[in-house]
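Since the structure comes first, as structure tokens, the remarks are kept for the end.
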Amino acid sequence: MEAFQLLSRGGVKFDKKRFKTDVQLFSKDTPAATSEKISEGELPGELDYFKYAPGGSGKRKAEGDGTTAKALKKRKVEEDNEDEDEDEKHSDAEEEDEDANGTEETPSRPRQRVVTKGSDIPAHADTFSAMAERYQISSLLLSNLTANGYNDPTGIQSYGIPILLESRDLAAISPTGTGKTLSYLLPIMSSLRAPSSSANSDAGAGVRAVVVAPTRELAHQIHNECLKLAQGRKWRVVLFSKATAGTLADKSARDKVDIIISTPLRLVASIKSGGLELSNVRHLVLDEADRMLDAEFFPQVEEILAACSHPQIQKAVFSATLPANAEKMAMQMLKDPIRVVVGLKDTPLPLISQSLTYVADDPSKLPSILGYLAKPYNPPVLIFTSSQPRATSLAQELVLNGVSNVDCLHAGMTKKEREDAVSRMRRGESWVMVSTEVMARGMDFKGIREVVNYDFPTSVQSYVHRIGRTGRAGREGKAVTYFTDDDAPFLKAIANVLLQSGSTVPEWILKLPKPSKLKRRQMGKVKRAEIVNPARKIGRSDAIKKRDMIAGSKRRAARKPSPTAGVE
DNA sequence: AAAAAAC
């Protein structure tokens, strides 16, 4: 409710009921219906991460074009805002309300808070056609955009694409599900002009663009997005894997590759084996940058950076979260960077209604989730656990307790199992997906309506990314987080995140004292065993293969979830 | 603090 109160401020008309029925507003599958519905349920500026002004729909009043003196003045103010301090978020949020009042009538520009920092920042572009005109984006690329439902740029696209097209380095921070992938893919493909294989290419030999992402699944998804943009020309976009690494060992084949999408370790392995040459790479993107720069990944990223030796390389980092230390590292690897922050850093979308559920201790979680899934829910639901064995065992327990269409996905599974699980998810065959942190970042399953943190996330960043699997591209979402007594030391930090993004938190949680470092360390040491239902008679030794059970559950198709909101 | 990231 408080979220709605927040939504209602700023003098913007907002019909909640209507909006609720329009949760598919931004669906790329229904572009025709999009503009019509969007103009009816309006969001105030600070919550509007999407630019949805339907050019010429005539329903919205157009009173400015984003280049007014007021707009320019506002931009100046934004640029002067250093946004260095983590603690300033609340005051910023307050200011945004005024911003929303002042600028909400300009439909042709993104109206959410965008803060830019850096030298000679290129002007943002409000439409894809404006970008195309300014930067000579090919008509093919442009038509591929519209063919795939990209009609109007989101905030990060409006600001990020011009920056990248002017060959500047960029650190982009924009909430989950606001179109970061396109923000870097479009400029890469436009800058490359033509495939290496084409006759008029003067690109020189070798791979010219590299995108790194932390999981195979995400790399795969980025590759798919890239292929959509590549339609109609002979681009060679390679999803780097064991197999493709082999084919690229041949130099002549390698020189025909335009873009590589990869996980870091795969790339490093190929560099080290001498099979991969990155000295002609002109564009390097780190997606989920804070993850790529953390202790485990950074050594690999360093090697990739070293291998990309071309003096004119453009580098960009993207994420929804970028803690101070990661940002510092990012800024060091970038040259004269521009920093763009859309919305509030490290904050979930207000479209996701979040709640915290007390479950006392670990054994109490299973009855809670079974109760949750026994009631009507919005499939598919994504459930996060803290480890692979717990993901597997929870999936087993759900199946054994009669929950239908349960799937499991973690990195301990085979490549094929992982791929199958993702495609079941994409086809809408999974109603309940139990997973680990591997699914936390970047994955864009448009249908996900609910996220359950069965195990408490171990950082604010993890929380923000996990729940960001729902509420994508303007849809509403719901996120439930279980917490036990053991989770208390981190509870307050997460509770503050809920507050920040317009959800409510029980009073007593906010009154919790700030936990000591020691306590937090202890909390981290809490070991959670596999999930077993003591009430159930069947033992773990029944030696039923998990996948058989899951397949069986599909055949049984027992309890059907009754969706409470409109399903596609 | 755990999971993830090759072969």
Side-chain angles (χ1 to χ4, degrees), chain A residues 210-222 239-249 260-276 286-304 307 319 323 325 362 382-394 408-415 417-418 421-422 434-443 453-463 465-466 469 483-484 486-491 493-494 515-530:
Chain A
V210 171
V211 177
V212 259
T215 63
R216 276 189 211 149
E217 282 75 14
L218 184 52
H220 197 286
Q221 179 181 289
I222 295 164
L239 175 60
F240 220 41
S241 68
K242 204 168 149 188
T244 46
T247 64
L248 296 194
I260 285 181
I261 323 275
S262 180
T263 50
L265 207 49
R266 178 62 265 174
L267 219 44
V268 169
S270 290
I271 295 167
K272 279 187 170 161
S273 74
L276 185 64
L286 302 186
D287 205 346
E288 307 299 342
D290 50 338
R291 179 76 181 89
M292 305 314 302
L293 295 171
D294 75 13
E296 291 88 344
F297 269 128
F298 186 60
Q300 300 161 32
V301 169
E302 268 187 314
E303 294 211 40
I304 295 164
S319 187
N325 54 343
D362 196 59
L382 181 57
I383 301 176
F384 283 102
T385 62
S386 62
S387 73
Q388 295 179 6
R390 281 176 67 81
T392 306
S393 53
L394 178 57
C408 181
L409 176 47
H410 59 68
M413 293 159 53
T414 67
K415 199 176 173 223
E417 286 171 335
R418 287 169 71 168
V422 169
V434 186
S435 191
T436 60
E437 215 55 27
V438 72
M439 283 288 101
R441 284 174 177 262
M443 294 312 294
N453 286 314
Y454 188 86
D455 292 329
F456 206 71
T458 50
S459 69
V460 166
Q461 286 75 28
S462 164
Y463 177 77
H465 285 279
R466 280 178 175 193
R469 293 321 94 209
F483 68 98
T484 66
D486 291 332
D487 300 320
F490 267 131
L491 186 56
I494 302 297
S516 67
K517 267 230 163 89
L518 184 81
K519 245 191 154 177
R520 266 184 282 177
R521 226 171 278 145
Q522 284 167 347
M523 177 247 158
K525 295 216 174 87
V526 172
K527 279 273 176 285
R528 298 189 188 99
E530 288 194 18

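Predicted, not measured: the structure shown is a model, and the values here were computed from it. Both backbone and side-chain heavy atoms feed into the values below; hydrogens, waters and symmetry mates do not. Proteins come first, then strands; the chains are lettered A, B, ... in the order of their sequence lines, and each starts at number 1.
- Between A/T263 and B/dA6 there is a side-chain N or O to OP1 or OP2 distance below 4.0 Å.
- Electrostatic pairing of A/D362 and A/R390 counts as a salt bridge here, judged by a charged N lying under 4.0 Å from a carboxylate O.
- One atom, CE of A/M439, and another, C1' of B/dA5, lie 13 Å apart when rounded to the nearest Å.
- Looking at the side chain of A/S387, the nearest of the listed nucleotides B/dA2, B/dA1, B/dA5 is B/dA2.
- Side-chain contact check for A/C408 versus A/E417: every heavy-atom pair is 4.5 Å or farther apart.
- The interatomic distance linking A/F384 (CZ) with B/dA2 (P) rounds to 18 Å, in whole Å.
- Counting to the nearest Å, the C1' atom of B/dA1 and the CZ atom of A/F297 are 16 Å from each other.
- A/F240 pairs in a side chain to side chain contact (heavy atoms under 4.5 Å, CB included) with only one of the listed residues (A/I261, A/L267, A/V210, A/V212), which is A/L267.
- Atom pair A/I494:CD1 and B/dA1:P shows a separation of 15 Å (rounding to whole Å applied).
- Rounded to whole angstrom, the span from the CE atom of A/M292 across to the P atom of B/dA5 amounts to 11 Å.
- The residue A/R216 sits close only to the backbone: its heavy atoms come under 4.0 Å of sugar-phosphate atoms, none of a base.
- The NE2-P distance, from A/H220 to B/dA5, rounds to 14 Å in whole Å.
- Counting heavy atoms from C-beta on, the side chains of A/Y454 and A/L394 come closer than 4.5 Å.
- Following rounding to the nearest Å, A/I271 (CD1) and B/dA5 (P) show an atom-to-atom distance of 18 Å.
- If you check every strand for non-hydrogen atoms under 4.0 Å, A/P264 touches nothing.
- Here the P atom of nucleotide B/dA5 and the CE atom of A/M413 are 12 Å apart, to the nearest Å.
- For A/R418, a side-chain nitrogen or oxygen approaches OP1 or OP2 of B/dA5 to under 4.0 Å.
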